[in-house]
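The analysis underlying the following values was restricted to heavy atoms, covering all of them including side chains, and did not include hydrogens, waters or symmetry mates. Each ligand, and each atom within it, is numbered from 1 in the order the structure gives.
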Amino acid sequence: MKKILLTGFDPFDHEVTNPSWEAVRTFDGKVLQKPDDPAQHYLIVSAQLPCEFYVATEKLNALLAAHQPEIVICVGQAGGRADISVERIAINIDDARIPDNAGNQPIDEAVVKDGPAAYFSSLPIKAIVHNLRQQGMPANVSQTAGTYVCNHIFYGLMHYANTHASPKRAGFIHIPYLPEQAAHHPGAPSMALHNLIFSLESAVLTCLQEKLDYKESMGTEC
Ligand code: PCA
């Protein structure tokens, strides 16, 4: 059966949970049908990545080699963001504000030495956002995944996808805090776990359904 790989991260920065893994873990072993061709089945594999530079990429590369997934969506927490943020671009830079869970704090280092400056997501990012909005979920295209472990894994994923036959489609989605995390960050936005799960399933179904992305304005001014 064809496979879809979803990844989430360990908690980091004094949090006791990470919404990305809490949402992604619920998909493990689930089988989805292609919306326009229900005879085609896809098995979802969920994996948890450490919030660590380098080791997370090694672990992801091993998962990609072992499962040869058609589609990969890596998911991470973006504390302070209100929307499901579908990332457009991964950049070849690590610049850590805080040390990762292993104490690494790279500053202005390339993710991949001599790699291209950036890679674009190969997910239908605007179709994902469009469909989420249609279903009542706050969603947006994000123009930056930051310069921490999420951008690092996103760039590593896209580098692998651009140098191997699979995955055909790959990208990154940032999600807000869970309400129980936001309770400790007064004023911070959050999203309930069931809405995060609904949104990720919608994103995966959009990837299965849409061959091309939508041409719809979702850009921003500075
Ligand atoms: N968010 C961090 C790393 C792990 C996570 O869930 C980030 O945005 O880089």
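Counting only heavy atoms of the protein, atom 9 (O) of ligand 1 lies nearest to C150 N, 2.9 Å. Of all protein heavy atoms, the one lying nearest to atom 8 (O) of ligand 1 is H174 NE2, 2.8 Å.
Contact analysis leaves G146 out of contact with ligand 1, as no non-hydrogen atom separation drops below 4.0 angstrom.
S142 and E87 form a side-chain donor-acceptor contact under 3.5 Å, judged by distance and modelled atom types alone.
The shortest N/O to N/O separation between Q77 and ligand 1 falls below 3.5 Å.
Ring pair H185/Y177 is parallel by interplanar angle, where below 30° counts as parallel and above 60° as perpendicular. Note on ring orientation: taking the six-membered ring where Trp is involved, the planes of Y155 and Y119 are tilted (angle from 30° to 60°). Ring-plane geometry between F12 and Y148 is classed as tilted, the angle between the planes lying from 30 to 60 degrees on a 0 to 90 degree scale.
Neither the backbone nor the side chain of H152 has any atom closer than 4.0 Å to an atom of ligand 1 (non-hydrogen atoms only).
Shown here is K168, whose NZ atom has no more than 12 heavy atoms of other residues, nucleotides or ligands within 6.0 Å.
Nearest heavy-atom pair across I73 and C207 is CD1-SG, 4.2 Å.
Near G76, with a cut-off below 4.0 Å to any heavy atom, the atoms of ligand 1 are 6 (O). Numbered from 1 in the order shown, with element, the atoms of ligand 1 that lie under 4.0 Å from a heavy atom of C51 read 3 (C), 4 (C). Here is the list of ligand 1 atoms found below 4.0 Å of a heavy atom in N18: 5 (C), 6 (O).
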